[in-house]
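Here the structure comes first, spelled out in structure tokens, and everything after it is commentary.
Numbering of residues begins at 1 and proceeds along the displayed sequence. Side-chain atoms are counted along with the backbone in the values below, which use heavy atoms only and exclude waters and symmetry mates. We count ligands from 1, going down the list as the structure has it; atoms in each ligand are counted the same way.
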Amino acid sequence: MIAIAAVNEKGYIGKGGDLLYSIKEDMRYFASVTREKTLIMGRKTLLSLPGGKGLKGRKNIVLSRSMKKEEAEERGVYLAKDVGEVLSLLTFLGVSEEEAFVIGGGEVYSLLMPYCKTLLLTRVHSFEEGDVSFPEIPADFSLIKGEEKSENGVSFRFDKYVR
Ligand SMILES: NC(=O)c1ccc[n+]([C@@H]2O[C@H](COP(=O)([O-])OP(=O)(O)OC[C@H]3O[C@@H](n4cnc5c(N)ncnc54)[C@H](OP(=O)(O)O)[C@@H]3O)[C@@H](O)[C@H]2O)c1
């Protein structure tokens with residue numbers, strides 16, 4: 001699996017159920033990298049997406065113990081009650097490891113970190129407080145730093161970690 005996230009200098013990824021930043025270039029990067037791929041997310045992240053629905057042009061798997069199957073269908077997502085069901089769904093859908101993107105949030109990044117071989121982290125050089133963090137990156141990942149970029153006064157970098 002591949003995890004993709006925007007993380008600030010304090011390790012935060014979200015606040016009040018929403019993202020901390022709205023960087024157009026990062027959104028375009030996310031859209032192009034995940035196009036036609038399969039996304040895996042937690043229920044709270046699904047609810048933060050436009051209309052609370054799965055993203056178009058991608059298969060969407062939501063992890064939730066509380067959501068009913070009917071609701072998942074209405075929201076255009078496959079429902080997984082635990083990690084085992086995520087893995088079964090990926091097999092059922094014929095999705096390879098490189099096509100499965102973990103898109104958050106904090107709980108689900110932590111849960112699926114052991115399955116991730118690559119991390120695509122947009123490092124936002126900013127120090128806002130948040131209430132949800134990206135987990136600690138295990139020591140067996142090595143970092144390939146991207147080039148520094150900036151948009152509307154916010155600077156950031158597309159980093160890649162590989163195991
Ligand atoms: N910066 C970024 O790149 C980025 C990306 C994504 C999200 N975010 C932000 O992250 C925040 C949301 O993250 P979060 O950690 O609060 O929530 P989350 O990971 O999106 O979702 C948590 C939910 O996932 C389900 N879940 C978690 N572990 C599970 C398990 N083992 N089995 C089954 N279901 C499981 C539970 O749903 P039930 O309660 O239904 O059981 C849990 O309440 C928001 O602020 C969002 O904007 C940021």
Side-chain angles (χ1 to χ4, degrees), residues 1-35 37-56 58-90 92 100-116 118-137 141 143 146 149 151-152 154-161:
M1 292 180 196
I2 300 170
I4 182 163
V7 187
N8 82 4
E9 295 287 355
K10 289 191 161 181
Y12 288 118
I13 61 166
K15 188 177 181 180
D18 226 325
L19 295 174
L20 282 168
Y21 308 99
S22 171
I23 301 170
K24 287 207 177 82
E25 188 171 350
D26 187 44
M27 305 249 177
R28 282 197 295 273
Y29 175 68
F30 176 89
S32 77
V33 168
T34 63
R35 189 163 295 128
K37 302 290 196 286
T38 296
L39 312 181
I40 306 161
M41 72 196 85
R43 177 183 56 80
K44 293 181 185 169
T45 292
L46 172 67
L47 296 184
S48 77
L49 297 179
K53 298 211 165 184
L55 293 176
K56 293 203 174 75
R58 296 143 183 89
K59 292 177 189 124
N60 294 260
I61 297 176
V62 69
L63 263 157
S64 169
R65 299 183 191 93
S66 66
M67 194 180 282
K68 300 273 176 292
K69 216 172 168 222
E70 300 72 41
E71 183 182 346
E73 272 167 26
E74 279 164 24
R75 294 183 183 278
V77 298
Y78 294 96
L79 179 62
K81 297 275 180 205
D82 54 34
V83 176
E85 287 195 14
V86 171
L87 300 177
S88 307
L89 265 170
L90 292 175
F92 172 74
F101 284 77
V102 181
I103 68 154
E107 281 186 44
V108 166
Y109 289 131
S110 294
L111 185 69
L112 296 178
M113 184 62 85
Y115 301 89
C116 290
T118 304
L119 311 176
L120 299 176
L121 298 192
T122 304
R123 288 287 183 188
V124 183
H125 305 314
S126 181
F127 292 85
E128 271 90 357
E129 294 297 327
D131 54 22
V132 179
S133 300
F134 194 79
E136 198 172 320
I137 297 171
F141 276 103
L143 166 63
K149 294 172 176 281
E151 183 182 303
N152 296 329
V154 181
S155 58
F156 56 97
R157 196 177 65 214
F158 294 125
D159 283 351
K160 181 175 183 175
Y161 291 80

Would you say [X] has any N or O atom under 3.5 Å from an N or O of ligand 1, going by distance alone?
X: Ser64; answer: yes
X: Ile103; answer: no
X: Ile13; answer: yes
X: Leu19; answer: yes
X: Asp131; answer: no
X: Ala6; answer: yes
X: Ser48; answer: no

Which atoms from ligand 1 have a heavy atom of [X] less than 4.0 Å away?
X: Lys81; result: 32 (N), 33 (C)
X: Gly17; result: 44 (C), 45 (O), 47 (O)
X: Lys15; result: 45 (O)
X: Gly104; result: 6 (C), 20 (O)
X: Gly14; result: 45 (O)
X: Gly106; result: 13 (O), 14 (P), 15 (O), 19 (O)
X: Val108; result: 19 (O)
X: Ala5; result: 3 (O)

* Does ligand 1 have any atom that is closer than 4.0 Å to a heavy atom of Tyr109? ->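 Judged by the 4.0 Å heavy-atom criterion, Tyr109 does count as contacting ligand 1.
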* To do: Compare Thr45, Leu111, Asn8 and give the one whose heavy atom is closest to atom 7 (C) of ligand 1.
  =>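 Ranked by closest heavy atom to atom 7 (C) of ligand 1, first place is Thr45.
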* **N-O pairing of Glu128 and Lys10 below 4.0 Å** =>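 Salt bridge between Glu128 and Lys10, a charged N being under 4.0 Å from a carboxylate O: no.
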* Do you see a donor-acceptor pair shorter than 3.5 Å between the side chains of Asn8 and Ser126? ->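 No pair is found: no donor N or O on one side chain lies under 3.5 Å from an acceptor on the other.
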